[in-house]
Amino acid sequence: MDTTAPWMNQQLPADARADLLLAELSLDEKMAQVSCYFPADITDTHDFVERFPHGIGEVSCLEARSALTLDEVTAFQHRVQSEAMRGSGHQIPAIFHMEGLCGAYLPGATSFPSGLGRAASWDVDVEASVGEVVGRQERAVGITHTLAPVLDISRDPRMGRHGETYGEDPSLAAALGVAYTRGLQREDADGRRTEAVAKHFVGSHHTEGGIHGAHCNVPDRTLVEVYGKPFQAAITLGGLRGMMPSYNSVGGEPVSASPRLLTTLLREQMGFDGLMVSDYGAVGNLHTVQRVAESFAHAGLAALRAGMDVELHVPQGFGDELRGWFATGRADVTLLDRAVRQVLTAKFRMGLFEHPFAPSARERDTVFRAAGDRALAVQSARESLVLLRNDGTLPLRPDTARIAVIGCHASSARFFFGGYTHYSMAEGKLAVNSSMAGLTTSGDDYQAITDTVPGTTIESSDGPAYEALLQHQQPGIRSLLEELRLRVPGAEVTWSYGYPFAGDDASGHDEALAAAAKADVVLLTLGGKHGTASIASMGEGIDATDINLPSCQDELIVKLATLGKPIVGVHLDGRPISSDAADRHLSALLEAWSPAEGGAEAIVDVLTGAHGPSGRLPISVARNAGQVPVYYNHLHGSAWHQGESVGFPDYVDAPHTPRYPFGHGLSYTSFDYTDLSLSRTQVSAEDTVDVTLTVSNTGTRAGTEIVQLYVADPFASVSRPVLELAGFRRVTLEPGQATQVDFRLSLTQLAFLDADLKWRVEAGEVRVLVGSSSEDVKLTGSVFIEADALIDGRHRSFYAG
């Protein structure tokens, strides 16, 4: 590399260096910079030079999911980077990108719980540490673009990607998303910097029918206030540098081709100034799926006009035809220059011109795994567990002699790994139909699956290849059954298959009932298979109309109840458990989500009482799909607060209220809330109020409480939510111990979009509420805002400090 070139002056800002280099590029080099190389096999990249003779903007590392060693990944990065720099007339390095929601797709990388599980921890410190681990492990093989965090707000458990999100609340998602972004966007000792790519801007979980990628009919106020808030917080507080628009249309406009959403809203109003990359195949979808472009070239031009910078994962819209349009003047080349400038600026920010290649194997291995990475995975899994109900059966008594474990999930750790974990992505390639993120490995025709889970169209995955893959990725990992036998050696622990993860197969019920009849406690593993491709019951593109337990599981719960035994349920899936039978008959119920590699240890920790449960629901749990959407922060006059204007407080066949409320979770001890104090009660719109209270552990065991601060606006100029989360604190106390809990509540956090869609803090009373869930408020107070004020929405407060 010519270190004397003017753009190699490290004293210049990244954008100035980009301008200097841009002025030297040919049209072919510019087109290369907005394109992406997707190798089907990282060990065979012979097609790169032929397809991209002028270099490349981005390189996908998704297929590193199949790598056997880190050496393979490092060799791939060095080989493609060398060819990319050689092909470019100016030795421009490529950006290598990879997913990062639950960890890197790399041999030996740490796998973390699903986004929804981590949200249940309400732990911003752990979330920042998770981001740090993911960024460090990916940079160790030269990857500096991480496609995370997922900042979607999800109010619809029918959607298969429900488990990727931080849940239904924009303040919780904002706090966790900022923490993850800050942790991820670190730099290594040499100066390589990771840039986060937040997904999926914006409103992608508001789809009609809960169908992935379908149209979203979202009001502008909801789009910005609710769905936009985590993105704005990550931009303002986290310094977010990357963005990925969603597949869907909003109000008839495909997001990837919407100047209103990508330029006016995102760049101009929200202040995003980083690199925008398409979701895989999203630009081509403008032509083939949403049909707003009559050709791929028209699609590419529309995306560029909207503000897109790079097309992932292969050139469709940003291809040869569009290049010809730029060459002949049919398309304005300044649109291309704007995108290329963003690409080059990002590459300079990442330090790629100084450090284009992955570290050596020796350097890589010293930083790839740190001593605390495995412990962090266990801690994250443990904190994600939510005790939904308990009659005292948990924790298990030390003198329990016989435990009957029932359910397919108990005998294999495969069920711990949800969608977008390394294992899930790798095992998806073994399926007959493997489709995700714009990729299909089953050919053009959707192949028929002949070996299905009974009563479903889901492919069976009981073959030895799946277990062998798991043991290769996670050597020695224990199933829940194995962990129980190891940790409770004084008990006889038996196992019965009982039922599969979906469908109506009851053939295992009799054997399970016989085992349960001999036990002191029955432990049921419940739920589906959160993952990838046709072997999963939920995941990307794997949506459902039924959000309840399958009949094979519900029916056995009813049968087991006749035995009169204590029954403990452990639920594993990407959506929360919802079951009438479980509510009626289970003695205790533990929501475990998709806990990844720390799952077995974390679950047994809580079952035995080695650690108390501390998770709280990041979503309201619907009773059935007919109730969707159900969320706590609905507007006055809606949901179960529709008031006396209708007169009927429930459906004719179910309550309006959720099965379990947002913020709910039980402990093995009890907590008392006292002494609420507000530092001031008469305030201006830009004041800060200190909120203090005392929390005491009044039980006999140590425990962690999540103190939740809410606000409510009783009367406003537009309909406002009945309750909104403003902040939260994790508090761990010994028996009899008390502590003061402090919040700093900025009144700008109360701003909303008024009738003219301006950010306004409105005069009047605001209630301040503190409790252990959205339905369990312990203490209340009020402040009075003296006068209205219009504020800058980009720099408002997003959650109480």
Side-chain angles (χ1 to χ4, degrees), residues 99-101 114-116 119 147-170 172-174 176-177 196-235 240 242-258 260-262 265-266 270 272 276-286 289-290 292 303 306-308 312 419-420 435-438 538-544 574-575 618-619 628-629 631:
E99 299 289 351
L101 169 62
S114 63
L116 199 57
L147 309 186
V150 173
L151 299 181
D152 300 318
I153 298 299
S154 184
R155 295 172 168 178
D156 195 337
R158 296 174 300 175
M159 181 183 274
R161 306 189 76 169
H162 189 61
E164 296 177 30
T165 74
Y166 288 130
E168 74 182 40
D169 183 78
L172 178 60
L176 294 169
V197 180
K199 305 193 299 186
H200 304 85
F201 190 82
V202 61
S204 68
H205 281 245
H206 198 97
T207 61
E208 294 177 345
I211 300 170
H212 178 247
H215 179 247
C216 298
N217 193 16
V218 193
D220 287 345
R221 184 175 287 107
T222 302
L223 188 75
V224 177
E225 285 188 358
V226 176
Y227 292 107
K229 182 175 181 176
F231 292 97
Q232 181 69 81
I235 293 166
L240 178 70
M243 194 73 71
M244 177 180 284
S246 56
Y247 281 116
N248 53 279
S249 298
V250 172
E253 295 180 49
V255 179
S256 296
S258 173
R260 178 178 69 93
L261 296 175
L262 299 188
L265 175 60
L266 180 59
M270 297 177 71
F272 176 71
M276 194 180 311
V277 300
S278 80
D279 211 334
Y280 278 25
V283 174
N285 284 0
L286 300 174
V289 177
Q290 285 131 346
V292 297
M308 192 76 73
L312 307 184
Y420 278 82
S435 179
M436 54 80 62
M538 74 173 296
E540 183 166 344
I542 309 167
D543 312 314
R575 60 174 64 91
I619 34 80
V628 173
Y631 49 95

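Partners of Ser258 by side-chain hydrogen bond (donor to acceptor under 3.5 Å, both in side chains), not counting sequence neighbours, listed by chain and number: Glu253. By the ring-ring contact (aromatic ring centres under 6.0 Å, His included) test, His206 is found to be paired with Tyr227, residues two or more places apart in sequence or in another chain being considered. With sequence neighbours excluded, the residues satisfying side chain to side chain contact (heavy atoms under 4.5 Å, CB included) with Ser249 are His215, Pro254, Gln290. Shown here are the side-chain hydrogen bond (donor to acceptor under 3.5 Å, both in side chains) partners of Ser204, two or more places apart in sequence or in another chain: Asp152. For Ser154, the side-chain hydrogen bond (donor to acceptor under 3.5 Å, both in side chains) partners at least two apart in sequence or on another chain are His162, His205. Considering only residues two or more places apart in sequence or on other chains, Glu168 meets the salt bridge (charged side-chain N to carboxylate O under 4.0 Å, His left out) condition with none of them. With sequence neighbours excluded, no residue satisfies salt bridge (charged side-chain N to carboxylate O under 4.0 Å, His left out) with Arg221. The salt bridge (charged side-chain N to carboxylate O under 4.0 Å, His left out) check on Asp156 picks up Arg158, with sequence neighbours excluded. Taking Leu147 as the reference, His97, Glu99, Val197, Lys199, Met244 meet the side chain to side chain contact (heavy atoms under 4.5 Å, CB included) condition, with sequence neighbours excluded. Annotation: salt bridge (charged side-chain N to carboxylate O under 4.0 Å, His left out) contacts of Arg575 (sequence neighbours excluded): none. Checked against ring-ring contact (aromatic ring centres under 6.0 Å, His included), His212 has the following partners two or more places apart in sequence or in another chain: Tyr247. Applying the side chain to side chain contact (heavy atoms under 4.5 Å, CB included) test to Ala257 and every residue at least two apart in sequence or in another chain returns Leu286, Ala302.
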Starting from the C-alpha separation in whole Å, work towards a yes-or-no answer on side-chain contact (heavy atoms from CB on, under 4.5 Å) for Leu151 and Phe201.
CA-CA 8 Å; Leu151 299 181; Phe201 190 82; over 6 Å; no

For Arg260 and Leu265, run side-chain contact (heavy atoms from CB on, under 4.5 Å): C-alpha distance rounded to whole Å, both residues' side-chain angles, the deciding distance at 0.1 Å, then the answer.
CA-CA 6 Å; Arg260 178 178 69 93; Leu265 175 60; 5.9 Å; no

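Annotation: side chain of Leu116 is in contact with side chain of Pro618 (closest heavy-atom distance under 4.5 Å). Side-chain atoms of Glu225 and Pro170, non-hydrogen and from C-beta on, never get closer than 4.5 Å to each other. You'll find the side chain of Met276 reaches within 4.5 Å of the side chain of Leu266, heavy atoms only.
Nearest heavy-atom pair, Val283 versus Ser278, reported as atom, atom and distance to 0.1 Å: CG2-CB, 3.8 Å. Across every non-hydrogen atom of Met308 and Pro245, the tightest pair is CE-CG, 3.9 Å.
Remark: of the listed residues Ile542, Thr207, Ile211, Thr207 is the sole one forming a side chain to side chain contact (heavy atoms under 4.5 Å, CB included) with Met159.
Between the side chain of Asp279 and the backbone N or O of Ala282 there is no donor-acceptor pair closer than 3.5 Å. Remark: side-chain polar atoms of Thr165 are not paired, donor with acceptor, to backbone N or O of Ile153 under 3.5 angstrom.
Note: Asn217 CG to Asn248 CG = 11.5 Å, rounded to the nearest 0.5 Å. Taking CD1 of Ile235 as the start and CZ of Phe272 as the end, the distance is 6.5 Å to the nearest 0.5 Å.
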